[in-house]
Structure formats: C-alpha cells, structure tokens
Amino acid sequence: MNLLLKHSFFFVVLVLFSVKSFAQKLSVKNQTVEYQYNPIGIDSSLPRFSWALSTSLKNTLQSSYELRVGTDSVKLKGGKEIIWASGIHQTDQSVLVNYGGPELQSDIRYFWQVRVRDNHGNASAWSPVNFWQMGLKAADWTSEWITVAGKDTLKASPYFRREIQISKPIRRATAYLTANGLYEAHINGSRVGDHYFAPGWTSYKNRLQYQAYDLSTVLKKGNNAIGIVLGDGWYKGRIGFDYQHNYYGDQRAFLMQIVVEYTDGSKETLKTDNGWKYQYGAILSSDIYDGEVYDSRKALKGWSATDYKAGQGWMDGRVFKHDAVPLLGTVSPPVKKHEQFKAIRVFKTPKGETVADFGQNLVGWEQIKASGAAGNKITVSHAEVLDKEGNFYTKNLRSAKSQNTYILNGEGEQVFEPHFTYHGFRYIKIEGYPGVLEPSALTATALYSDMKQNGTFVTSDTLLNKLQRNILWGQKGNFLDVPTDCPQRDERLGWTGDAQAFFSTAAYNMDVAGFFTKWLKDLAADQYGDGSVPHVIPNVLGNGQGGATGWADASTIIPWGMYESYGDRRILEEQYASMKAWEGYMIAQSKNDLWTTGFHFGDWLFYRPNDDTEGRSAVTDKYLIAQTFFAHSTQLLINTAKVLGKKEDVEVYTALLAKLKSAFQREYMTSTGRLVSGTQTGYVLALHFDMLPEALRAQAAERLVSNVESYGNHLTTGFLGTPYLCQVLSRFGYTDVAYKLLFQESYPSWLYPVKMGATTIWERWDGIKEDGTFQNDGMNSFNHYAYGAIGEWMYNHIAGIKLSAPGYKQLIIAPEPGGKLTSARGTLMTPYGLVKSEWKIENGKIILDISIPANTRASLLLPKAAQKEVKENGVNLKAEASNAIRKDIQLSRGSGEYHFEYGF
Ligand code: RAM
C-alpha cells in the first residue's frame with residue numbers, strides 16, 4: 001500500500017467509525033442509586049442501581065448491561081482502580097439492579113458507570129460518572145448526644161455552638177446529624193443544607209434517621225464554628241388530640257459526627273462531646289400545631305460565626321445518655337421549600353380583620369417583611385377558608401393555635417419566617433403590623449417532601465383540570481415527611497386508611513418511592529405484637545388503637561402498590577413479615593372464615609342526608625366491608641408470596657381466600673346476587689375484590705349502576721368505596737356512568753368543591769354547603785387527600801396509562817374518551833422513561849399521540865377503532881386484533897413515538 005492509499009484508508013475508517021458512533025445514539029440516562037441522584041448517607045449494604053435507555057430508534061430493548069464501580073472518578077473513567085466490575089449481564093433489567101461487589105465501607109464515596117447494549121446491536125458508551133456515598137454504620141457512631149444542662153423544661157429553643165480546628169486542607173467532609181426533636185445546623189454563619197423538619201418523623205423509639213450533609217466547601221482550614229438550634233417537633237411538642245406532650249421523650253438533644261478527608265489522604269472524625277456551649281435566643285417557643293413566637297430582640301447575632309464571643313449567659317451543654325435506638329440513613333426525600341406565592345390581595349373582613357389571600361390552600365409558612373419600633377409585635381394567624389360572611393375562619397383548626405408571633409428589634413427592615421412549625425392555609429390574618437401593610441410584604445412558601453412530580457394530566461375541561469390541580473396540592477400539603485390526613489388542625493397524623501386510599505394516585509402524580517419506603521418501615525416498627533396495625537403511623541395514639549379494616553390494610557396494599565409502581569421487589573421482602581402479621585391478626589379475629597368483630601371506621605364519611613326520612617343514607621355494613629378487605633389483603637399476600645417464591649404460603653392463603661369468599665357469599669349475598677348492603681360501596685368492594693361468583697358479577701354491576709342513577713348520578717361513597725368506584729364501573733363496561741359521576745357538579749361529587757372555589761381536596765363532600773355554611777367545625781378539613789383517589793382513574797382510564805408488569809416494564813395504553821371531553825393528555829415518568837398518552841377529537845377525527853419508553857413494550861387499545869380506517873404515522877394500519885366489547889383495536893408496540901388518526 002502506498003502512503004497516499006494508506007492515508008485515505010485510515011481516513012475512510014475514521015469517517016465510518018465516527019458515522020457509526022454518531023448513528024448509534026444509544027445512551028444511558030436517569031441514573032439513580034436507591035431512587036436518588038448522587039445520594040450521600042446510604043446505609044443499605046446492597047444499594048441498587050437504576051438507569052433508563054435513551055435512543056431515537058424504535059422497538060428498543062436492552063440486551064445487556066455492564067456496571068463498574070470505583071472510589072476515584074477520574075481513574076474509573078479511565079477504566080482503572082475498579083473495585084467492582086459486574087461483567088456483562090445478558091438481561092433487560094435496568095431498574096433496581098443490586099450492587100454485587102466487595103463490602104462497602106462507611107463514609108466512602110463510590111463512583112459508578114454503566115454501559116448497555118440493545119436488541120439492534122448498538123452499544124452505548126460508558127455513562128457519565130455518578131456517585132453515591134455510604135453513611136455510617138451503628139458501630140461507627142462514637143459521638144456523644146448533647147443536650148442542655150438539667151431537665152429540658154423551657155419552651156425556648158436552645159442554640160448550641162462549638163468551634164473546631166481543621167489543621168489541613170480538606171478534600172471532602174461530611175456531617176452526619178440527627179436529633180431528638182427538630183434541628184437546624186449552621187456552620188460559619190450560614191445554614192447547612194436546605195432540609196427542613198430534619199431528622200423527620202419516624203417511630204422514634206425504634207428508628208431514628210440521620211442526615212448527611214456535604215461540608216467539603218463549607219469547612220475551612222483553621223477555625224470553624226458550628227451551631228445547632230433545636231425545636232420540639234413531633235418528638236416533644238404537642239401531638240395527637242389531647243394536648244399530649246413529650247410523647248417520645250422530654251429532652252431535646254442532638255448527635256453529630258463530621259468525617260473529614262484531607263487532601264493528603266488522611267481522615268479524621270470530629271465528634272460531639274463536651275465543649276458545647278448553649279444559650280436561648282429569639283425562638284421563644286415553636287410547636288407544630290400552635291406556631292412560633294420569635295422575638296428578634298433576643299436574636300444571638302452572628303452566634304454561629306467564628307468571630308462570635310460566647311461570653312456571658314452561655315452555658316455548658318452536657319452529654320446525654322440516649323436510649324439505644326438504631327440510627328439509620330435517610331431513605332425518604334427531605335422536606336424542602338418549594339413554590340412561593342405572593343399575596344394576591346390584602347383586605348379588611350366585615351369584622352375588621354386584616355387578611356391576606358395567597359390564592360392557594362398550601363402547607364408551609366409565610367414570610368413577612370416589616371420595619372418598626374423595637375418591641376412591636378406582629379401576630380399572624382392561619383386559615384384555609386373565610387366563612388359565609390367573609391370573615392376569617394379558624395374553628396376547623398380545633399385547638400391548634402397555628403399562630404406565629406414576631407417581635408421587631410427596631411433596626412430597620414426585617415423579614416420573618418418561623419422554623420419548627422407549619423401551617424395549612426390560604427389566608428393569613430395579620431395583627432399589629434407597624435405601618436401600611438402592602439401585599440408585596442407577604443409571601444407564602446410551600447414546604448413538603450422533595451418528591452419529583454412524575455405525572456401530568458390535562459384535559460379540555462377547565463373544572464377537571466382544577467380537580468387535578470387540587471389533588472396534586474392535596475398531596476403536596478400532606479406529604480410532609482409522613483402521609484398525613486390533614487395539615488392544619490390538632491391532628492396531622494399518618495392515618496393509614498387515607499394513605500392506602502390515595503396511594504395509587506400519589507404514585508401517578510409524584511415519585512413516592514423513598515417516601516413510602518420509609519413510612520412502611522415505621523408501619524412495621526409500630527405494628528402491635530398481635531399483628532394489628534395502628535390507625536396512625538407513626539403511632540402516637542397509644543395502645544389498642546388499631547386493627548380497623550381498610551386502615552390497617554395499608555400494610556399490604558402499599559407494599560404491593562410499591563412493587564407494581566416501581567418494580568421494587570425488596571420492599572416486598574422487607575415488608576413480608578409485617579404483611580403476614582396483619583393477615584394473621586385478621587385470621588385470629590375471624591370465626592368460621594368470617595370477620596365480624598372489633599372496631600371499624602367503615603366507609604368513613606359516606607353520604608348521609610340530613611333528616612334522612614327516606615333512608616337514603618349510604619350505610620354499608622362494617623363487617624361486610626371487613627370481609628372484603630380481609631380477602632383483598634389475602635390476595636395481595638398470595639401475590640407477594642408468589643413473587644418471593646414462598647410456595648407453601650401461596651397454598652395456605654389461596655385455600656383461605658376461597659373460604660373467605662364463600663363465607664362472604666353465604667353471609668352477605670342473596671341467591672340472586674343482591675347484597676345486604678345495597679350501597680355503591682357494597683357493590684364496589686364486592687366487585688373490585690372479586691368476592692362474587694363470576695356468573696353474578698354482571699348483575700351486581702347493573703345494581704351498582706342503578707344505585708348511582710337512583711341518586712341522580714351522584715356518588716354516595718366514603719373513604720373506602722370512593723377510590724374504586726369509577727374503576728369498577730369501567731371494568732364492567734360503564735365508563736359512561738363513571739364520566740357522569742366525574743362531571744357531576746352538584747353535591748355529592750368531586751367537582752362540587754371545585755365549583756365552590758376549593759384549591760385542594762376537602763375532607764367532606766360538603767365541607768362548605770351551598771348556602772355557604774360549614775359542615776361540623778370539629779371535622780372539616782379543607783386539605784384532606786383521600787377523596788382525591790379519583791386521580792388514578794383519570795390517569796388510567798381517561799389518559800389510559802396502566803401498568804401490566806411491575807415498574808411499567810410492560811404497559812397498556814387504553815384511553816377512553818368520554819363525557820364532554822374533546823382532549824386529554826397524561827404523562828408519566830416511569831422507571832424506564834416517559835410514557836405519554838394524548839388524544840384529541842377534532843373535525844370528526846380522533847388523533848392519538850403515544851410515547852413508549854425504551855426497554856418496555858406496550859399494548860395499545862385504540863378506542864372504538866374497529867372497522868375504522870386507521871392511519872399509524874400516516875400509513876394505513878392493518879388491525880392485529882380487536883376487542884369485542886369496546887370495539888377497540890389492540891396493537892402491540894415497542895418503544896417509540898406513535899401517531900394515530902381515524903374517524904371518531
Ligand atoms: C379522622 C382523620 C382521618 C380518618 C380518621 C378515621 O380524624 O381525619 O382522615 O382516617 O378520622
């Protein structure tokens with residue numbers, strides 16, 4: 001070969017090579033470890049990796065993956081110093097893949113990359129380097145707990161400070177921190193991290209989470225000042241209905257350990273020990289229900305900076321003997337600040353109160369700007385709604401004061417916000433404001449667990465879109481570290497029934513994987529010895545408060561839902577004992593396979609007309625309900641046992657389930673299939689949980705429909721029937737009836753509150769009556785997500801996005817246009833990537849746009865498309881199969897974007 005030829009040969013090879021790599025377009029995205037992006041403080045010894053495939057090619061499936069892990073990112077990139085190489089795994093698994101290398105060491109940051117191949121023969125490059133950092137194990141904790149001198153009896157928040165010396169330049173430093181109560185940490189004059197309400201609420205006697213903060217750029221060589229402020233929080237503050245204090249303990253305290261790695265490679269652990277000073281400052285009291293009193297004249301200015309002199313008044317902190325409790329890394333997303341709202345108006349109520357409206361019922365707190373004389377006192381009260389006359393209404397907060405008091409220091413403009421309290425509010429009442437209060441002086445900030453919004457749902461109908469928005473805000477407001485029933489009154493508890501009812505909708509709207517992973521661990525921790533599950537988790541109601549049907553079943557329904565939504569098998573392994581214990585409790589309560597004992601809430605808050613002379617109250621026998629949930633939990637336990645390969649359990653519970661169903665039929669059903677409680681909830685539960693013989697299901701669905709019609713197309717369901725009402729109607733071919741219920745605007749219905757101006761979901765169907773008066777003050781929350789459970793139906797029937805294999809590895813897109821809708825669009829970020837289902841009806845045609853993520857397959861049901869001329873991406877489609885009832889065409893498709901059009 002002469003030189004020229006040789007050159008052009010290389011040139012051609014080069015061009016071919018670059019064209020090929022350009023055309024490959026297979027890459028990896030959305031890399032996470034334990035559901036988190038570059039997390040620090042992981043304490044699972046077997047963390048799991050997830051990624052998604054990014055490609056422009058259709059029908060893409062992963063054919064293999066390869067992972068590698070190292071402790072130096074630069075070297076890893078160069079393929080050096082790898083501590084674990086997975087080797088090539090011929091599999092399409094790309095979600096929650098177990099780490100399989102040598103034992104992971106505390107406080108070490110591990111870097112990882114993945115590369116994949118697909119079924120078209122493409123190979124991705126190594127992904128960008130991501131990391132996770134291990135937390136501390138129990139044995140690594142050598143720090144001492146620190147508290148105030150003597151008994152912690154003051155309401156005021158103690159401010160602790162200490163200085164530490166760093167002798168050498170730092171490469172990386174991490175603080176591990178937790179507390180009894182709530183803490184806020186400061187270093188060298190600035191707040192550490194953006195977490196609020198840390199360490200979060202767990203079953204404190206059994207499990208306490210610590211948080212990890214990266215201090216690499218915060219700590220400096222030389223002198224550093226550390227400050228910690230403590231608040232009462234759930235630990236010591238008011239909790240529950242009866243002015244209960246000190247539920248978990250009466251001594252606020254904190255524990256901190258800082259691990260520093262120097263640039264010379266050496267490591268040092270700085271521990272909390274004697275040597276902390278503390279003083280009381282501006283926070284005079286702070287309580288979750290009651291609010292905060294902040295006297296800025298008492299602020300310890302610069303207290304956490306190095307040049308502060310902790311002189312007079314500063315006392316010695318002391319080491320505190322803490323009960324042994326497992327310290328655990330945080331698996332749930334921290335509470336953070338989110339949306340901010342400007343006051344849309346400031347006005348005087350008929351009573352003369354000065355009130356500001358933020359336009360949205362939200363959970364968090366206000367910021368208020370003010371300047372005035374030292375000692376001026378501003379009081380801010382919180383309310384969700386105004387009463388009929390337009391006055392500030394707080395009776396539904398019951399005994400929760402929910403009030404912040406700010407005292408000015410007279411030194412010019414100040415901006416106030418509280419620290420260890422939160423409020424559910426749309427309106428604030430301001431008293432004592434010095435000068436003229438302009439709306440621009442007021443902001444409201446929403447605080448909630450930092451979950452990604454995974455789903456969106458929009459239609460052609462404004463009211464329905466508002467309903468979706470209200471559902472989402474109900475979720476934001478009540479997902480503040482634990483799933484609460486309500487965020488405003490003296491309750492705010494992790495009611496299990498509400499959480500299970502709303503779970504599926506929650507998982508469509510947001511990434512709730514970490515959030516519920518944590519809560520389920522608390523559920524198991526607080527479960528009673530006999531398997532009964534407390535009504536609220538964490539349990540603060542004491543002994544014996546549990547075992548209610550539809551509430552305690554959160555123990556089976558949510559783990560199974562997590563497995564379905566995220567493909568998380570480990571959750572099932574970890575919760576299995578808890579699930580089985582709950583099943584065992586029900587078995588022990590039942591006689592002749594019937595469960596007819598004990599206290600139950602039943603179909604909580606079902607429709608009940610006043611002065612019910614006609615007997616139209618929708619009362620469903622509580623034990624009928626108990627039998628259906630007993631069967632449902634049994635079914636979920638069977639499903640779980642199958643996934644986990646527990647054959648014996650599958651057999652035992654399958655035999656039991658058959659008996660539970662026949663007992664149900666004997667006790668609650670006539671021979672013609674009528675139920676003793678002929679309510680919507682009665683039929684809905686019997687049908688949804690397959691309690692009836694096959695041959696009698698269609699007639700039961702007809703009875704359900706005629707019941708709905710007998711109420712003029714109104715629902716009458718409470719907390720337990722509502723989530724499944726439209727699901728059951730659709731399953732039995734009555735999507736038209738489901739739409740009538742959904743678009744019903746008069747009480748009781750989902751849109752009635754929307755028409756009444758709701759910006760969140762109400763606890764009661766008639767929280768505000770048509771004449772403007774209220775339901776019972778004592779139980780009238782305007783931010784209660786349970787009835788928002790209709791959201792699931794909106795995603796999985798209107799937009800038609802459903803899973804058919806765990807984690808959406810396989811899915812069904814089956815939109816069902818109906819009602820007055822002319823368009824709808826649902827999107828969902830699944831573990832594999834974005835699913836989209838969008839349809840619109842225009843000029844006698846329906847247009848569908850569908851996206852299916854790589855590494856999944858979908859079954860598409862084109863609504864009413866049989867015998868229609870369907871165009872797929874502009875080309876005439878040959879039908880593969882059609883569905884007789886719905887007249888849909890069914891297609892099987894791999895990943896990609898699809899566009900369909902046909903006459904409609
Ligand atoms: C109420 C709560 C909750 C419900 C229980 C039974 O106090 O608000 O929503 O689950 O009662």
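Read the numbers this way: they start at 1 and go in the same order the structure lists the ligands and their atoms.
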(message) Here's a test for you: under side-chain contact (heavy atoms from CB on, under 4.5 Å), which of Val540, Val335, Asp522 qualifies with Trp201?
(response)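 Exactly one candidate clears the test, Val540.
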
(message) On a heavy-atom basis, which atom in Thr505 and which in Glu792 lie closest, and how many Å separate them?
(response)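 Closest pair (atom of Thr505, atom of Glu792, distance): OG1-N, 3.0 Å.
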
What are the polar N/O contacts of ligand 1 with the protein below 3.5 Å, with distances?
unit_1   : atom_1 : unit_2 : atom_2 : d
ligand 1 : 7 (O)  : Glu491 : OE1    : 3.4
ligand 1 : 7 (O)  : Glu491 : OE2    : 2.6
ligand 1 : 8 (O)  : Asp485 : OD2    : 2.7
ligand 1 : 8 (O)  : Arg489 : NH2    : 2.8
ligand 1 : 8 (O)  : Glu763 : OE2    : 3.4
ligand 1 : 8 (O)  : His784 : NE2    : 2.9
ligand 1 : 9 (O)  : Asp498 : OD1    : 3.4
ligand 1 : 9 (O)  : Asp498 : OD2    : 2.6
ligand 1 : 9 (O)  : His784 : NE2    : 2.8
ligand 1 : 10 (O) : Asp498 : OD1    : 2.6
ligand 1 : 10 (O) : Trp551 : NE1    : 3.0

(message) For Asp481, is there an ion pair with Lys518 - N to carboxylate O distance below 4.0 angstrom?
(response)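 Judged by the 4.0 Å cut-off on N to carboxylate O distance, Lys518 and Asp481 do form a salt bridge.
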
(request) Assert yes or no for the condition that the ring centre distance of Tyr724 to Phe689 is strictly below 6.0 Å. (result)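 Under 6.0 Å, so yes.
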
(message) Both conditions, 6.0 Å and 45 degrees, for the charged tip of Arg492 above the ring of Tyr289: are they met here?
(response)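 That pair does not qualify as a cation-pi contact.
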
(message) Would Arg616 and Tyr607 count as a cation-pi pair here, with the cationic atom under 6.0 angstrom from the ring centre and within 45° of the axis?
(response)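 Here Arg616 fails the 6.0 Å and 45° test against Tyr607.
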
